[in-house]
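Both counts, for ligands and for their atoms, begin at 1 and track the order of listing.
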Amino acid sequence: MTTIYNFSAGPAMMPKAVLEQAQQELLNWQGLGTSVMEVSHRGKPFMALVEQAKQDFRQLYAIPDNYKILFLQGGARGQFAAIPMNLIGEKGKALYLTSGHWSATAAKEARNFCEIDEINILAENAPLQTTSLDFTEIAEQYDYVHYCPNETISGVEIFDLPKVGNAVLVADMSSNILSREIDINHFGMIYAGAQKNLGPAGITIVIVREDLLNKARQDTPSIWHYATQVKSDSMINTPPTFAWYLCSLVFKHLLAHGGVKGAEARNRAKAALLYRYLDDSNFYQNHVAPQNRSLMNVTFTTGNDELNAKFVEEATACGLQALKGHKVLGGMRASIYNAMPIEGVEALIAFMEKFARENAK
Ligand SMILES: *Cc1c(COP(=O)(O)O)cnc(C)c1O
């Protein structure tokens, strides 16, 4: 069998070592004679897993003690609604910075729950790039400022922090959590669906600063209520135990491979290789300005829909899977999350060279 490299944007590839460990202990977890998915979430063995996972995640991302870590359900999209329910307070209003599909979708959902102002932070013309991120003058009129530091569909990443003075900064890190080092202290809250960089679909991580826990509106459903979930160890209802377990293995795996620092070095090397090839090529184009090029999702096109379709088909036949771009954008997208080894990027570039040679006019 040819080596398969899966460039899916999400659910995305998992570290092979993690899948092998899960396979090996599937039928007999911790000598209990059952799988981890068959034991009580409130029993000692599973509670120990949960505690360790939380500690490992806190260590990996250097999360200060005044932040709570929640493992919830409902994906990032559930948080689009939970955030206004939990964080709107006396100011009664939030600011949404939009830079593409996901930040705009978060803003749209929030409108159902509160008043918001929306500012598009993308420049009008190509290439895709962000404009000024200084909102110090206005940010404190709002209960929070929301943005998406990595737009998964277009491949736009925002490396500079928006300047918001003392306002609460909220970030949708679904597609770049644990990909590079960040200073958590700048954020009021961070959230991410697991299925890109943390584990399988079905679990969502929320990191929330303690002082923000008591603002939720009265009618917030208990599964979305951060303070309630903190009190019940993220177990107000039965949690997705198997997904939680797999995340715990991913954390251990990352810790054993240099933590987030190590992941960042690998991610920067992979992305640099691919963007350098794109810049040198006159066959493919990438439409993102260098300062906003995502380390996780690399978009490119031949500029011709038929050729793009041919590219995806032939790449798939060579074991390079899921390179078709998102339907709203077309073209191709290579998602190169933490679990993608550099060999996958090298194989992709080798294929791209061959395809360009064979199809150049
Ligand atoms: C995938 C993604 C989402 C949606 O995640 P769900 O868990 O499916 O709700 C939201 N935001 C970003 C940045 C994403 O990449």
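No hydrogens or angles considered: nothing links the side chains of Ser103 and Thr98 as a donor-acceptor pair under 3.5 Å.
Counting heavy atoms closer than 4.0 Å to ligand 1, residue Gln195 contributes side-chain atoms (C-beta onward) but none from N, CA, C or O. At a heavy-atom cutoff of 4.0 Å, ligand 1 is contacted by no atom of Ala9, backbone or side chain.
Heavy atoms of other residues, nucleotides or ligands lying less than 6.0 angstrom from CD of Glu210 number more than 12.
Applying the side-chain hydrogen bond (donor to acceptor under 3.5 Å, both in side chains) test between Asp56 and each of Arg58, Gln52, Gln59 identifies Gln52 as the sole match.
At the shortest separation from atom 15 (O) of ligand 1 among protein heavy atoms lies Thr152 OG1, 2.4 Å. Residue, atom and distance of the protein heavy atom nearest to atom 11 (N) of ligand 1 are Asp172 OD2, 2.6 Å. With hydrogens left out, the protein atom closest to atom 2 (C) of ligand 1 is Lys196 NZ, 2.5 Å, a heavy atom. Taking atom 5 (O) of ligand 1 as the reference point, the nearest protein heavy-atom neighbour is Ala76 CB, 3.5 Å. Looking only at heavy atoms of the protein, atom 9 (O) of ligand 1 is closest to Arg77 N, 2.9 Å.
The aromatic rings of Phe46 and Trp244 sit perpendicular, their planes meeting at an angle over 60°, well past the 30° parallel limit. Ring-plane geometry between Phe71 and Phe251 is classed as tilted, the angle between the planes lying from 30 to 60 degrees on a 0 to 90 degree scale.
Residue contacts with ligand 1: Asn150 is included, with a non-hydrogen atom under 4.0 Å away. Using 4.0 Å as the threshold, Cys148 has a heavy atom nearer than that to some atom of ligand 1.
Taking the ring centre of Trp102 as origin, the terminal cationic atom of Lys196 falls inside the region bounded by 6.0 Å and 45° from the ring axis.
The six-membered or imidazole ring of Phe283 lies away from that of Tyr277, with a centre-to-centre distance of 6.0 Å or more.
No single ILVMFWY cluster, assembled from side-chain heavy atoms under 4.5 Å apart, contains both Ile4 and Val345.
Below 4.0 Å from some heavy atom of Ser174 lie the following atoms of ligand 1, by number and element: 2 (C), 10 (C), 11 (N), 12 (C), 13 (C), 14 (C), 15 (O). Residue-ligand proximity, Gly75 to ligand 1, at heavy-atom distances under 4.0 Å covers atoms 7 (O), 9 (O).
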